Amino acid sequence: AGVLAAHKITASSPDTDLPTVSGLRKMGVNFTVSNKDTVKSSDVLFLAVKPPIIPFILEEVGPDIEARHILVSCAAGVTISSIEKKLSTFCPTPKVIRCMTNTPVIVREGATVYATGTHADVEDGKLLEQLMASVGFCTEVEEDLIDAVTGLSGSGPAYAFTALDALADGGVKMGLPRRLAVRLGAQALLGAAKMLLESEQHPGQLKDNVCSPGGATIHALHFLESGGFRSLLINAVEASCIRTRELQHLADQEKISPAAIKKTLLDKVKLESPSLSVASASKVSLFTSKSKKN
Amino acid sequence: GVALGAWPRLAMEASELWGGAVGAGRMAGGLVRGLLQAGKVPASNILASAPSDKNLDAWRELGCRTTHCNLEVVHRSTLVFLATKPHILPGVLEEIRPAVGSHHIVVSLVAGVTIQTLQRLLPPWTKVLRIMPNLPCVVQAGAMVFSRGSNAGDEEAALLKSLLSSCGLCEEVPESYIDIHTGLSGSGVAYVYLFAEALAEGAVKMGMPGALASRIAAQTLLGAAKMLLETGEHPAKLRGDVCTPGGTTIYALHQLEKGALRATVMDAVEAATNRACDMAKD
């Protein structure tokens, strides 16, 4: 999005063999195996590790956190208060922001919300908002809504992928080649979403606008209604939200011994591909608005 | 029973018109009651016919004139409402045919009988219109649609519309919509009664006395319908307006969606419409 120059970004990961690492390197991001180095050279720290690992990262980098640092956690189900509590031994007033985004940030159509912690200023939140707005929609919310956001737009792309797969199947059944079916299905959802976002009208009204009397669409919609389409979607959002809360609850209770997590997870994670990197960004380039494209 | 409607010599201006829908049947009765309530017609200008007195008593109580002679109705009036049961109509039409002139306006309330059939059974110059009302015409909150036959012109359509608008919503439509109207609104009234009953039952389960629950249920439906009609907003938007995040309404709506209420209602309208079509073919 041209918001931040790549050389001002540092990413770290213990495992340099991950495909994401070479991907980041190719973009010109500075790479290091030392989380501590990352912290030292950055102002805004995105913690992009899996939720159970957050406590360990915080322990590791805690001593190096200074007043200028803004910690942004994207970890699902990890509360601001749990992070602040963990850091309290190192830093009296850590600036913590909790964020929930989704995968389409990759194509700059992400949906992101954030909630600011006790010691984060308004401008800290605005900084994050500026960053995340460059990759999609970003707005501030109360922390207690973040689980609902997870259920809706966090998991949402999965619901959409499932729908698209099925729509494509429908197309194929009726004679379309698969690639074309996928392309058309995706475009239909993209177009519909765009219409809704750009319109003042209620989605119900937009739906009506497509349904000519006795036509093809209304016949199809009847099938969707008969199958309880709407309630399935409501159920999905609800289930994802509730599960997020469950996981958070389990984490808060620290039911699993930290040592056990550390061993099994770190081993396991080395075998998996994404998300064991701590990426961070320099604050300076943003404030001076010298946003250079790489 | 057989019944015909009548008016004395008809003036084409609604304001000068004295008359009412007649038919000893329930539907025609509803229309007449609505017209009388709206003050469009003095009861004494309505002549109703039926073979037995049983049906006609109610009309007499309203102040209408009655007779057992269908032909008398046709002779004495210009605007003639047909409100018989479907299987009786052909016989009645044959009976009155000789007396039907080009000045007559024949309006059929008979379910399932098409304009084509009516025109076939009446003299070729007859102005025919077909109407499908619903029961709440009785309380002047009806929904009616009508279509015109080949000889019925703008004047006749305008007259009918102006008369019947006193009973509620009255719209001219292509004849193909009439069966759909049956499924939506003719039978639809019953769906609403069912819904109201269920609402009240839910309240009773939660501890409210039945009579109170029923009245509140009815008022809720009335109020919601009124808001729909008066705001002109899309129902989905009005629904959203009532749903505070995480509140009672959205929880309840989820239950309705789980029960596929929408599809069930669509099924009901479809079933009634198809049945109307099938019955018309008989």
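Treat the numbers as computed from the prediction; the structure is a model and nothing was measured.
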Exercise. For a side-chain contact (heavy atoms from CB on, under 4.5 Å) with A:S231, tell me which candidate from B:Q255, B:E257, B:R262 qualifies.
Key: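 Looking at B:Q255, B:E257, B:R262, the match for A:S231 under the side-chain contact (heavy atoms from CB on, under 4.5 Å) is B:E257.
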
Quiz item: Is it the side chain or the backbone of A:E238 that comes within 4.5 Å of chain B heavy atoms, both, or neither?
Solution: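 A:E238 touches chain B through side-chain heavy atoms alone.
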
Practice problem: Sort A:I218 into side chain, backbone, both or neither according to what part of it lies under 4.5 angstrom from a heavy atom of chain B. | Solution: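 A:I218 touches chain B through backbone and side-chain heavy atoms alike.
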
Quiz item: Quick check: does any side chain N or O of B:H234 sit under 3.5 Å from a backbone N or O of A:H202, one acting as donor and the other as acceptor?
Solution: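 Not at all, since once roles are kept as given, no pair shorter than 3.5 Å links the two residues.
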
How about [atom1] on [X], more than 12 heavy atoms from neighbouring residues, nucleotides or ligands closer than 6.0 Å, or not?
{"X": "A:R178", "atom1": "CZ", "answer": "yes"}
{"X": "B:Y191", "atom1": "OH", "answer": "yes"}
{"X": "B:Q116", "atom1": "CD", "answer": "no"}
{"X": "A:Y159", "atom1": "OH", "answer": "yes"}
{"X": "B:R275", "atom1": "CZ", "answer": "no"}

Quiz item: Taking A:Q205, A:E225, A:H222 one by one, which has the highest count of heavy-atom pairs under 4.5 Å against chain B?
Solution: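 Option with the greatest count: A:H222.
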
Quiz item: What part of B:E233 gets closer than 4.5 Å to chain A, counting heavy atoms only: side chain, backbone, both or neither?
Solution: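 Neither; nothing under 4.5 Å.
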
Practice problem: Compare every heavy atom of A:S226 with every heavy atom of B:A260, then report the nearest pair and how far apart it is. | Solution: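 Smallest interatomic distance, heavy atoms only, reads CB-O, 4.2 Å.
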
Practice problem: Determine the minimum heavy-atom distance between B:A236 and A:G204, stating which atoms define it. | Solution: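 Heavy atoms only, the tightest pair is CB-CA, 4.1 Å.
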
Quiz item: Do A:N235 and B:H254 come close enough that some side-chain heavy atom pair is under 4.5 Å?
Solution: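 Sidechains of B:H254 and A:N235: in contact.
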
Self-check item: CE on B:M266 to NE2 on A:H219, rounded to 0.5 Å
Solution: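 Atom-to-atom, A:H219:NE2 and B:M266:CE are 8.5 Å apart.
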
